[in-house]
Number of protein chains: 2
Amino acid sequence: MATTGGDRQPKYQRIANTLREAIQAGEYVPGDRLPGENDLMATHGVARMTARQALGVLQNEGIAESRKGAGVFVRAFRPLRRRGIQRLSREQWGAGRSIWSADIEDRTLVVDQVAVTEEPAPERIARVLDIAPDDAVCVRSRRFVLDGKPVLLATSYLPASLVAGSAITQEDTGPGGTYARLGELGAKPVHFREEVRSRMPSQDEANRLSLSMGTPVILICRTAFADEGRPVEVNEMTLDSASYVLEYDFDA
Amino acid sequence: MATTGGDRQPKYQRIANTLREAIQAGEYVPGDRLPGENDLMATHGVARMTARQALGVLQNEGIAESRKGAGVFVRAFRPLRRRGIQRLSREQWGAGRSIWSADIEDRTLVVDQVAVTEEPAPERIARVLDIAPDDAVCVRSRRFVLDGKPVLLATSYLPASLVAGSAITQEDTGPGGTYARLGELGAKPVHFREEVRSRMPSQDEANRLSLSMGTPVILICRTAFADEGRPVEVNEMTLDSASYVLEYDFDA
DNA sequence: AAGTGGTCTAGACCACAAG
DNA sequence: TTGTGGTCTAGACCACTTT
């Protein structure tokens with residue numbers, strides 16, 4: 001088909017734009033069903049694959065999400081708030097409200113897929129922990145599930161020589177958790193560094209977090225330091241970006 | 001074609017997996033050209049659209065990127081490091097190296113698309129700045145380009161009543177920049193809050209940052225507070241996630 | 001049973017990049 | 001000029017959800 005008039009944009013993009021604007025104008029609210037492939041074929045006079053491509057654009061943007069056999073629906077964004085620096089009182093700076101609404105609380109968090117093993121340190125971990133490659137590390141991994149929706153994967157690495165014999169090598173680390181046990185071992189964390197990046201998920205990450213199309217993950221690599229700058233733990237976290245807003249407070 | 005054996009996975013996914021594993025095994029390094037649509041049609045005996053879909057998977061994952069008329073190529077990840085909390089000396093905690101290599105320096109940063117206007121405050125900004133909706137704000141927006149590649153869009157909002165007549169309303173804010181001028185106005189920022197999230201870019205963001213498929217953006221909303229928790233600036237930033245690693249250091 | 005999205009085929013024309 | 005990816009058509013069968 002000779003493209004009729006002066007259209008410098010692909011058809012599927014024009015259709016996607018139409019739908020996107022309708023969503024942003026509030027004609028469709030989160031949870032609403034969008035016009036399906038058959039609708040778009042009829043109203044725009046295009047082939048199935050073209051209508052499909054248009055809907056794919058919105059899914060890749062994270063604006064919409066498909067449910068097999070049901071339709072394509074507008075997505076919502078209701079993130080958890082994760083405070084990187086808890087010690088600062090929130091009230092002190094409460095005059096400035098946060099920019100993204102973050103309904104929290106009154107939801108139930110379940111920990112899942114817990115595994116504790118001892119392994120040779122991966123190269124990148126050994127470098128950060130300042131130990132020899134293949135020195136043994138205690139590896140603690142788990143998944144956090146919020147109201148049935150997995151939101152976070154975490155794997156932490158600690159020098160095996162440091163934590164040997166402590167509760168850190170058990171699934172249940174006891175009251176106060178890993179950091180309390182580190183304190184008892186004379187390696188109380190006094191400083192933290194978090195490195196944050198984002199990318200699209202691997203297939204495995206998408207499965208474990210039940211991510212729909214167009215949802216990036218946030219990667220946090222948190223290093224805990226004891227006195228004298230001694231690194232004692234590296235915690236690699238993978239977050240569903242649709243479920244989180246990170247917050248960092250600090251003084252000038 | 002009747003799918004011959006027990007394949008519970010779509011063909012295009014199997015093809016994508018093959019390529020992904022080859023990349024992760026180092027058979028293709030960043031910058032290498034992957035087998036094209038015609039190659040995949042021949043070697044896997046599939047139709048054009050199926051080969052295409054397989055390559056699309058890798059692009060949506062941010063692993064590969066297509067260049068029109070040339071082919072599909074393996075992408076690299078060489079981020080900038082952005083330190084959220086500069087006052088802490090890096091050396092003090094230098095024992096723990098960072099987990100992502102971040103070649104920095106020896107690159108040239110250009111500021112671009114600078115615009116300074118005065119506008120009624122958008123609702124979300126007014127809420128954060130604790131002013132009335134539609135009170136005037138000074139809006140400063142600009143783009144940062146690193147070695148010819150745009151990496152960051154930033155728009156900051158300040159109460160117009162606070163900054164009226166100062167250099168903040170000029171394109172060139174003078175030595176020390178906006179924060180130095182705020183200090184002279186008796187509104188020196190002493191505390192900051194950064195909220196971080198990630199999502200796929202809008203079409204406009206993708207254009208202004210020259211993003212290729214499968215690249216999320218990182219959104220940072222930074223609020224600066226003067227004494228007594230008075231918010232004096234909101235800075236909304238949009239980062240190319242392939243160009244940045246964020247770093248936050250803090251004490252327990 | 002009817003409608004939906006998921007996968008797949010076998011063609012086609014185009015704009016662009018490289019030799 | 002040749003090959004590449006980008007767009008598009010007009011069919012098809014399937015698994016799934018909803019009615």
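Here is how names work: the chains are called A, B, and so on, in the same order as the sequence lines, proteins then strands, and each is numbered from 1.
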Among the candidates [options], find the nucleotide nearest to the side-chain atoms of [X].
X	options	result
B:Arg52	D:dG6, C:dT9, D:dT9	D:dG6
A:Ser66	D:dC8, C:dT9, C:dG5	C:dG5
A:Lys68	D:dC8, C:dT9, D:dC16	D:dC16
B:Met49	C:dA10, D:dT4, C:dC8	C:dA10
B:Arg33	D:dT9, D:dT4, C:dT9	D:dT4

It should be established whether [X] places a side-chain nitrogen or oxygen under 4.0 Å from OP1 or OP2 of nucleotide [N].
X	N	value
A:Tyr12	D:dC8	no
B:Thr50	C:dT7	no
B:Asn38	D:dG3	no
B:Arg48	C:dT9	no

Side chain [X], main chain [Y], donor-acceptor under 3.5 Å:
X	Y	answer
B:Ser198	A:Ile218	no
A:Asp32	A:Val29	yes
A:Arg208	A:Leu153	no
A:Glu205	A:Ser202	yes

Starting from the 5' end of DNA chain D, give me the residue, A:Gly45 or B:Ala70, whose nearest nucleotide shows up first.
->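 Nearest nucleotide further toward 5': that of B:Ala70.
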
Rounding to a whole Å, what distance do you find between [X]:[atom1] and [N]:[atom2]?
X	N	atom1	atom2	answer
A:Phe73	D:dC16	CZ	P	17 Å
B:Leu40	C:dC8	CG	C1'	15 Å
B:Arg67	C:dC16	CZ	C1'	13 Å
A:Met41	C:dT4	CE	C1'	13 Å
A:Glu37	D:dC16	CD	P	17 Å
A:Gln53	D:dT9	CD	C1'	12 Å
B:Gln59	D:dG5	CD	P	9 Å
A:Glu65	C:dG6	CD	C1'	16 Å

Residues A:Asn17, A:Arg14; criterion side chain to side chain donor-acceptor pair (under 3.5 Å); working and verdict = CA-CA 5 Å; A:Asn17 290 344; A:Arg14 298 193 75 83; over 6 Å; no

